[in-house]
Amino acid sequence: MSKVGIVQMTSGAEPDENIKQLKLKLKGLQLQGAKLVLTPENCIVFGQKDDYERYAEPVGKGVLQDQLSALARHYQLWLVIGSFPTRNENGSLSTTSLVFDDNGHLVEHYNKLHMFDVDVEDRHQSYRESDTFTAGNDIKVVDTPIGKVGLSICYDVRFPQLYSELRKQGAEIILVPAAFTKVTGYAHWDILLRSRAIETQCWVLAAGQWGKHGAGRETWGHSMIIDPWGNKVTAQQEGTGVIIADIDLEQMNQIRKKMPVAQHARLTSHLL
């Protein structure tokens, strides 16, 4: 078994303040023995389009990513930045998960596949993520010391076909960094996460933003770690802080052996 940690944050538009907040939480998780830590979506920059444009960096290059690399190396843990604004060669932006190993090397990145273009009955009302970011095209599973980790971000969680593919590609642990709105989080966050765990028979680590962030945006929090049977092992509802739990892949293997849903699945392409 390996210990994993989750950071729940209330991030703003200024990276320096967010990184300062993150450092304190990483130190606490290191002292508790965490080997991999997941942060929420938008943990380094959470603002408006101009903010993402101002701070975006090419994948693997830039002063902010250098700081994140140094944190992973200093605390000797795998650090997954839930999302970070990255600049593509054509000048467009992606919202990107960054996976740093415990030596500070950027070993993988994932561009969010599904853009959050919806209307919500809150003070912010309308969300058009595609006005700022370009959707990704690639599904990513990365080898880590704690197991094979499937990457996703926030709104992705509403699309079970992505998680089925992550399972097919060998995922044992699935990450869901998020900035779920308070309205949609109250309605769907818990059931979506538990469903993805049950369907894939994977561990699910979900890191949420919490609180008020300006421009009428309020996020739900409720970060949690869910086992492959759909049980919540630990959770933090409100406020900022950290949670930690042991990941037991043998438990996952036993569940998959006793209920081999992957082998039973019949809705393959030749049946559609």
Side-chain angles (χ1 to χ4, degrees), residues 6-7 9-26 36-117 127-142 144 149-156 175-179 207-209 213-215 217 219:
I6 287 177
V7 176
M9 300 175 66
T10 307
S11 297
E14 293 300 323
D16 287 348
E17 291 301 315
N18 297 326
I19 290 174
K20 187 183 301 182
Q21 182 184 165
L22 179 60
K23 283 181 180 178
L24 295 174
K25 292 174 170 55
L26 291 179
L36 180 145
V37 173
L38 175 65
T39 72
E41 183 180 26
N42 298 328
C43 65
I44 305 303
V45 184
F46 196 177
Q48 305 302 312
K49 182 176 183 178
D50 289 348
D51 300 308
Y52 299 118
E53 288 279 1
R54 182 181 307 116
Y55 294 115
E57 299 175 344
V59 172
K61 298 178 182 179
V63 294
L64 293 175
Q65 289 174 85
D66 286 347
Q67 291 181 62
L68 299 173
S69 168
L71 288 178
R73 184 169 59 252
H74 177 76
Y75 292 111
Q76 285 290 286
L77 47 77
W78 282 64
L79 176 60
V80 183
I81 299 300
S83 77
F84 180 88
T86 60
R87 189 173 301 281
N88 303 309
E89 289 185 1
N90 65 2
S92 66
L93 302 189
S94 294
T95 183
T96 305
S97 286
L98 303 173
V99 183
F100 296 93
D101 69 14
D102 53 5
N103 290 312
H105 298 134
L106 181 65
V107 297
E108 189 56 276
H109 72 279
Y110 162 75
N111 295 333
K112 186 176 182 179
L113 285 178
H114 300 95
M115 296 291 97
F116 188 57
D117 291 353
Y127 298 82
R128 295 293 181 269
E129 200 167 37
S130 62
D131 287 348
T132 303
F133 299 112
T134 298
N137 295 302
D138 299 318
I139 295 173
K140 298 288 185 74
V141 176
V142 57
T144 78
V149 172
L151 303 178
S152 69
I153 301 174
C154 199
Y155 190 50
D156 285 338
L175 307 186
V176 188
Q209 291 279 354
H213 306 270
R217 183 154 190 177
T219 51

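Residues take their numbers from the sequence shown, with the count starting at 1.
With contacts defined as side-chain heavy-atom distances shorter than 4.5 Å, the pair T144/V107 does not qualify. For the pair T86 and N111, the minimum side-chain heavy-atom distance is below 4.5 Å. You'll find the side chain of T96 stays beyond 4.5 Å of the side chain of I153, heavy atoms only. Looking at L22 and I44, their side chains come closer than 4.5 Å, going by heavy atoms from C-beta outward. V63 is listed as a side-chain neighbour of E57, based on a closest heavy-atom distance under 4.5 Å.
Applying the salt bridge (Lys or Arg N to Asp or Glu O under 4.0 Å) criterion to R54, with sequence neighbours excluded, gives D51. Listed by chain and residue number, R87 satisfy the salt bridge (Lys or Arg N to Asp or Glu O under 4.0 Å) test with E53 (two or more places apart in sequence, or in another chain).
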N103 and R73: CA distance, side-chain angles, deciding distance, side chain to side chain contact (heavy atoms under 4.5 Å, CB included) verdict = CA-CA 5 Å; N103 290 312; R73 184 169 59 252; 5.5 Å; no
Chi angles and distances behind the side chain to side chain contact (heavy atoms under 4.5 Å, CB included) call for N42, T95 = CA-CA 8 Å; N42 298 328; T95 183; 4.3 Å; yes
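No donor-acceptor distance shorter than 3.5 angstrom exists from the side chain of E108 to the backbone of V99, with no hydrogens or angles considered. The closest donor-acceptor contact from the side chain of N90 to the backbone of S92 lies under 3.5 Å. Formation of a donor-acceptor pair under 3.5 Å by the D138 side chain with backbone atoms of Y110 is not found in this model. Judged by distance alone, with hydrogens and angles left aside, the side-chain atoms of E129 form a donor-acceptor pair with the main-chain N or O of F116 at under 3.5 Å. A donor-acceptor pair under 3.5 Å is absent between the side-chain atoms of S83 and the main chain of C43, judged by distance alone. With hydrogens and angles ignored, the 3.5 Å screen pairs a side-chain donor or acceptor of Q76 with a backbone N or O of D102. One N or O on the side chain of D101 and one on the backbone of G104 form a donor-acceptor pair closer than 3.5 Å.
Remark: K20 NZ to L24 CG distance equals 9.0 Å, nearest 0.5 Å. Note that CZ of R128 and NZ of K49 are 14.0 Å apart. Values are rounded to the nearest 0.5 Å.
When every heavy atom of F100 is checked against every heavy atom of L68, the shortest pair comes out as CE1-CB, 3.8 Å. The two residues P177 and S97 have their closest heavy-atom pair at CG-OG, 4.2 Å. Pairing each heavy atom of L106 with each of Q65, the nearest pair is CD2-OE1, 4.2 Å. Across H114 and D156, no two heavy atoms sit closer than the pair ND1-OD1, 2.7 Å. Across all their heavy atoms, L38 and V176 have their closest contact at CD2-N, 4.2 Å. The shortest heavy-atom contact between L79 and A72 is CB-CB, 3.9 Å.
Between the side chains of S11 and Q209, at least one donor N or O sits under 3.5 Å from an acceptor N or O.
Sorted by first and then second residue, the ring-ring contact (aromatic ring centres under 6.0 Å, His included) pairs involving residues 44-89 (not counting sequence neighbours) are F46-H213, Y52-F133.
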